[in-house]
Amino acid sequence: MSEASELAGASALVTGGTSGIGRATALALAGLGARVVLSGRDADRGGKVVAEIEAAGGEAHFVAADLRDETSARTLAREAAALVGPLDILVNNAGIFPFGPTGEATEADFDATYGLNVKAPYFLVSEIAPGMAERGRGSIINVSTMVAEYGADGMALYGSSKAALVLLTKAWAAEYGPRGVRVNAVSPGPTLTEGTAGMPDGSLDALASQAPAGRPGTTQEVAAAIVYLATDRSSFVQGAVLPVDGGRIAV
Ligand code: NAP
């Protein structure tokens with residue numbers, strides 16, 4: 001099989017596909033022949049990613065979605081399926097990463113973080129995974145973070161939301177795995193994206209310097225791990241959380 005046809009005929013939804021890790025994942029999946037729906041709030045950025053995929057000979061569609069609750073998640077899942085058919089691959093990538101003291105986070109910060117990082121993946125899976133299970137196949141990849149794995153000062157809100165996603169990964173592997181749906185997660189370390197570009201000068205490098213690799217990762221490096229989990233290359237991998245963090249949580 002040529003690489004460009006590995007995912008021929010497969011349909012995929014990548015949330016947060018307008019930027020960073022999600023954009024690189026959408027490009028990579030489309031490059032393997034998948035028909036990709038990418039979501040986000042920003043139609044300009046979405047249109048640019050779609051154009052880039054089409055220019056490379058792939059198929060992509062943008063669906064605008066402000067993910068925050070059950071309705072927004074279920075609506076996105078239905079709109080995606082209407083465009084590319086029943087979904088074979090779901091990448092729960094959209095996320096926000098607020099850092100700071102626990103005492104300074106507001107209830108609105110808490111709700112926005114858990115709404116996007118936990119509630120939206122929960123109801124996307126609720127809408128999509130049962131159909132995958134009926135068809136006997138599917139791959140769901142959740143994008144966590146290394147700071148879901150250990151206690152980090154200033155990352156209580158963000159880390160705890162992703163820790164919930166890690167447990168959901170394992171619970172869904174137990175629930176849907178026996179019916180052919182593999183559910184896994186990647187756990188990136190500091191990665192150069194549009195989202196992290198706004199962090200204070202030097203802070204991403206400082207975080208990255210704690211890991212054996214000693215440098216931030218690229219979006220392509222994280223996307224490569226997501227592609228591994230999305231394809232049959234990982235056919236016996238279920239409920240795994242794959243660190244893509246330059247070795248940070250190993251040491
Ligand atoms: P990014 O560049 O900031 O992109 C975030 C994406 O999420 C965008 O496509 C954005 O689209 C979408 N998004 C944000 N809020 C949304 C909302 N309310 N509804 C729907 N979509 C929304 O992020 P990134 O750095 O690539 O991170 C991607 C994922 O990796 C996140 O889950 C993050 O927690 C995780 N991660 C990142 C790093 C890192 O160092 N970069 C490390 C570990 C884990 P719009 O702006 O178009 O809405």
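Along the sequence shown, the residues carry numbers beginning at 1. Remember, it's 1-based here, ligands and their atoms both numbered in the order they're listed.
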Undergrad: Just to confirm my output: which protein heavy-atom neighbour is closest to atom 20 (C) of ligand 1, and how far is it?
TA: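 The protein heavy atom lying closest is Ala65 O, 3.1 Å.
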Undergrad: Got an N/O contact under 3.5 Å between Gly16 and ligand 1?
TA: yes
Undergrad: Under 4.0 Å from a heavy atom of Phe97: give me the atoms of ligand 1 that qualify, with their elements.
TA: 3 (O), 23 (O), 25 (O), 27 (O), 33 (C), 34 (O)
Undergrad: Does any N or O of ligand 1 fall below 3.5 Å from an N or O anywhere on Thr145, backbone included?
TA: no
Undergrad: Does the side chain of Thr18 come under 3.5 Å of the side chain of Arg41 through a donor N or O and an acceptor N or O?
TA: no
Undergrad: Can you name the atoms of ligand 1, numbered from 1 with element, that are less than 4.0 Å from a heavy atom of Val143?
TA: 29 (C), 30 (O), 35 (C)
Undergrad: May I ask whether Leu76 and Leu90 are part of the same hydrophobic cluster, defined by side-chain heavy atoms of I, L, V, M, F, W, Y residues being less than 4.5 angstrom apart, directly or through others?
TA: yes
Undergrad: Is the contact between Arg68 and ligand 1 made by the side chain, the backbone, both, or neither, using heavy atoms and a 4.0 Å cut-off?
TA: neither
Undergrad: Look at atom 16 (C) of ligand 1 and find which of Arg23, Met146, Arg41 reaches it with the closest heavy atom.
TA: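 Minimum heavy-atom distance to atom 16 (C) of ligand 1 goes to Arg41.
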Undergrad: Please say whether more than 12 non-hydrogen atoms of neighbouring residues, nucleotides or ligands are located less than 6.0 Å from OH in Tyr150.
TA: yes
Undergrad: How about OH on Tyr114, more than 12 heavy atoms from neighbouring residues, nucleotides or ligands closer than 6.0 Å, or not?
TA: yes
Undergrad: Starting from atom 38 (C) of ligand 1, what is the nearest protein heavy atom, named by residue and atom, and what distance separates them?
TA: Gly189 O, 4.1 Å
Undergrad: To the nearest 0.1 Å, how far is atom 1 (P) of ligand 1 from its closest protein heavy atom, and which atom is that?
TA: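 Residue, atom and distance for the closest contact: Ser19 OG, 3.5 Å.
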Undergrad: Return yes if some donor-acceptor pair links the side-chain N/O of Arg135 with the main-chain N/O of Leu87 below 3.5 Å, else return no.
TA: yes
Undergrad: If you have a sec, work out which protein heavy atom is nearest atom 34 (O) of ligand 1 and how many Å separate them, to one decimal?
TA: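 Result: Tyr158 OH, 2.6 Å.
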Undergrad: Using a strict 4.0 Å cut-off to heavy atoms of Gly40, name the atoms of ligand 1 that fall inside it.
TA: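 Selected atoms, number and element: 11 (O), 47 (O), 48 (O).
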Undergrad: Report, in ascending order of atom number, the atoms of ligand 1 lying under 4.0 Å from any heavy atom of Arg45.
TA: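 Atoms satisfying the 4.0 Å criterion: 11 (O), 45 (P), 46 (O), 47 (O).
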Undergrad: Rounded to the nearest 0.5 Å, what separation is found between the NZ atom of Lys48 and the CD atom of Glu52?
TA: 10.5 Å
Undergrad: I need the atoms of ligand 1 closer than 4.0 Å to a non-hydrogen atom of Thr196, numbered in the order shown.
TA: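 Selected atoms, number and element: 39 (C), 40 (O), 41 (N).
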Undergrad: Do Arg45 and Asp42 sit within salt-bridge range, that is, some charged N less than 4.0 Å from a carboxylate O?
TA: yes
Undergrad: Within the 4.5 Å heavy-atom criterion, are Trp172 and Val125 side-chain neighbours or not?
TA: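 A side-chain contact under 4.5 Å exists here.
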Undergrad: Within a strict 4.5 Å, meaning less than it, do heavy atoms of the Val251 and Pro212 side chains meet?
TA: yes
Undergrad: Considering non-hydrogen atoms only, spot the tightest contact between Ile226 and Val143 and give its length.
TA: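 So the minimum-distance heavy-atom pair works out to CD1-CG2, 4.0 Å.
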Undergrad: Taking Glu194 first and then Arg23, would you say they form a salt bridge - that is, a charged N and a carboxylate O separated by under 4.0 Å?
TA: no
Undergrad: Which ligand 1 atoms, with their elements, are less than 4.0 angstrom from a heavy-atom of Ile21?
TA: 26 (O), 30 (O), 37 (C)
Undergrad: In terms of atom number and element, which parts of ligand 1 are under 4.0 angstrom from non-hydrogen atoms of Gly95?
TA: 7 (O), 31 (C), 32 (O)
Undergrad: Can you confirm, on distance only, whether ligand 1 has an N/O atom lying under 3.5 Å from any N/O atom belonging to Lys162?
TA: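 Looking only at distances, the answer is yes, because the N/O contact criterion of under 3.5 Å is met.
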Undergrad: Just need the protein heavy atom nearest to atom 8 (C) of ligand 1, so name the residue and atom and give the distance.
TA: Thr18 OG1, 3.5 Å
Undergrad: Kindly confirm or rule out an N or O of Asp66 lying under 3.5 angstrom from an N or O of ligand 1.
TA: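 Such a contact does occur with ligand 1.
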Undergrad: Determine the interplanar angle of the Tyr158 and Phe99 rings, folded into 0 to 90°, and report it as parallel if under 30°, tilted if 30 to 60°, perpendicular if over 60°.
TA: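 The rings of Tyr158 and Phe99 stand perpendicular, inter-plane angle above 60°.
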Undergrad: Does Thr15 approach ligand 1 within less than 4.0 angstrom via side chain, backbone, both or neither, non-hydrogen atoms only?
TA: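 The answer is neither.
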Undergrad: Would Ser144 count as a contact of ligand 1 if the rule is a heavy atom under 4.0 Å away?
TA: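 Judged by the 4.0 Å heavy-atom criterion, Ser144 does count as contacting ligand 1.
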Undergrad: Does some non-hydrogen atom of Ser187 fall short of 4.0 Å from ligand 1?
TA: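 Checking ligand 1 against Ser187, which is what was asked, there is no heavy-atom contact under 4.0 Å.
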Undergrad: With heavy-atom distances below 4.5 Å as the criterion, would you say the side chains of Val227 and Leu29 are in contact?
TA: yes
Undergrad: Decide, yes or no, whether a salt bridge links Asp88 with Arg137 under the criterion of side-chain N to carboxylate O below 4.0 Å.
TA: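 Looking at Arg137 together with Asp88, the answer is yes, because their closest N to O distance falls below 4.0 Å.
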Undergrad: Is it the side chain, the backbone, both or neither of Pro190 that has a heavy atom closer than 4.0 Å to ligand 1?
TA: backbone
Undergrad: Tell me, which protein residue and heavy-atom name are nearest atom 28 (C) of ligand 1, and how many Å apart are they?
TA: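 Nearest neighbour among protein heavy atoms for atom 28 (C) of ligand 1, to 0.1 Å: Asn93 OD1, 3.2 Å.
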Undergrad: How far is atom 40 (O) of ligand 1 from the closest protein heavy atom, and which atom is that?
TA: Thr191 N, 2.8 Å
Undergrad: Considering the heavy atoms of Gly20, write down every atom of ligand 1 situated less than 4.0 Å from one of them.
TA: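 What qualifies from ligand 1 is 2 (O), 26 (O).
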Undergrad: Do me a favour and list the nearest non-hydrogen protein atom to atom 43 (C) of ligand 1 with residue, atom name and distance?
TA: Pro188 O, 3.3 Å
Undergrad: Geometry only, no angles: is Gly195 polar-contacting ligand 1 at N/O separations under 3.5 Å?
TA: yes
